[in-house]
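Notes to accompany the following structure.
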Amino acid sequence: MAGRRILLLNGPNLDLLGTREPSVYGSATLAEHVTAVEAACAGLGWSVTHLQSNSEAELVSAIHAARGTTDAVIINPGAFTHYSWAIHDALAAYDGPIVEVHLSQPLSRESWRHTSVVAPVAIGTVAGFGGVGYGLAVEALSRHFAAAK
Ligand code: DQA
């Protein structure tokens, strides 16, 4: 269905993509990933609002503001993935589907990355496919909405 409004959130340090540990996170910039999401969404007739923040409070406020004003959230919470119960709780209060995205595969990295407090409130997680994961999240939402019809 056309007209869906997607909130794309990227957490701490993702503003450094392109130069941040490119062997782990790739060489594409965040702006390039956002452009890809916007293009994928435009193809479906969907709009995208994007926020990158290094602040947990700002991300929580953006999730609150998304209630009733957007149809789905795509979020790469960065390191907040692993311990931000505030983001978990904000997402739990959100009424639409949530897709968690990671460029890397946290499960194949340090043990502290193996826990996600966001995963329990997401319909699914895309991890380990680099920037392709953002596009896969859009595809997953498209299929989710089609199946829910
Ligand atoms: C990340 C994985 C997290 O563990 C890390 O803290 C990040 C990026 C990813 O996209 O692979 O900042 O979310």
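Indexing begins at 1, ligand by ligand and atom by atom, following the structure's order.
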Partners meeting ring pair (Phe, Tyr, Trp, His ring centres under 6.0 Å) with H33 (sequence neighbours left out): Y134
Contacts of R5 that satisfy salt bridge (Lys or Arg N to Asp or Glu O under 4.0 Å) - sequence neighbours left out: D71
For ligand 1, list every N/O pair with the protein closer than 3.5 Å, one pair per line with the distance.
from: ligand 1; atom 1: 4 (O); to: H82; atom 2: NE2; distance (Å): 2.7
from: ligand 1; atom 1: 4 (O); to: R113; atom 2: NH1; distance (Å): 2.9
from: ligand 1; atom 1: 6 (O); to: A79; atom 2: N; distance (Å): 3.1
from: ligand 1; atom 1: 6 (O); to: R113; atom 2: NH1; distance (Å): 3.1
from: ligand 1; atom 1: 10 (O); to: N76; atom 2: ND2; distance (Å): 2.8
from: ligand 1; atom 1: 10 (O); to: L103; atom 2: N; distance (Å): 2.8
from: ligand 1; atom 1: 11 (O); to: L103; atom 2: N; distance (Å): 3.3
from: ligand 1; atom 1: 11 (O); to: S104; atom 2: N; distance (Å): 2.8
from: ligand 1; atom 1: 11 (O); to: S104; atom 2: OG; distance (Å): 2.6
from: ligand 1; atom 1: 12 (O); to: R20; atom 2: NH1; distance (Å): 3.1
from: ligand 1; atom 1: 12 (O); to: R20; atom 2: NH2; distance (Å): 3.1
from: ligand 1; atom 1: 13 (O); to: N76; atom 2: OD1; distance (Å): 2.8
from: ligand 1; atom 1: 13 (O); to: H102; atom 2: ND1; distance (Å): 2.8

Check the surroundings of atom CZ in R67: do more than 12 heavy atoms from other residues, nucleotides or ligands lie under 6.0 Å from it? no
So side-chain hydrogen bond (donor to acceptor under 3.5 Å, both in side chains) across residues 77-90, not counting sequence neighbours, yields E56-S84
N76 side chain near H102 side chain, heavy-atom distance below 4.5 Å: yes
Find the distance between CD1 (I6) and CD (E38) and round it off to the nearest 0.5 Å. 12.0 Å
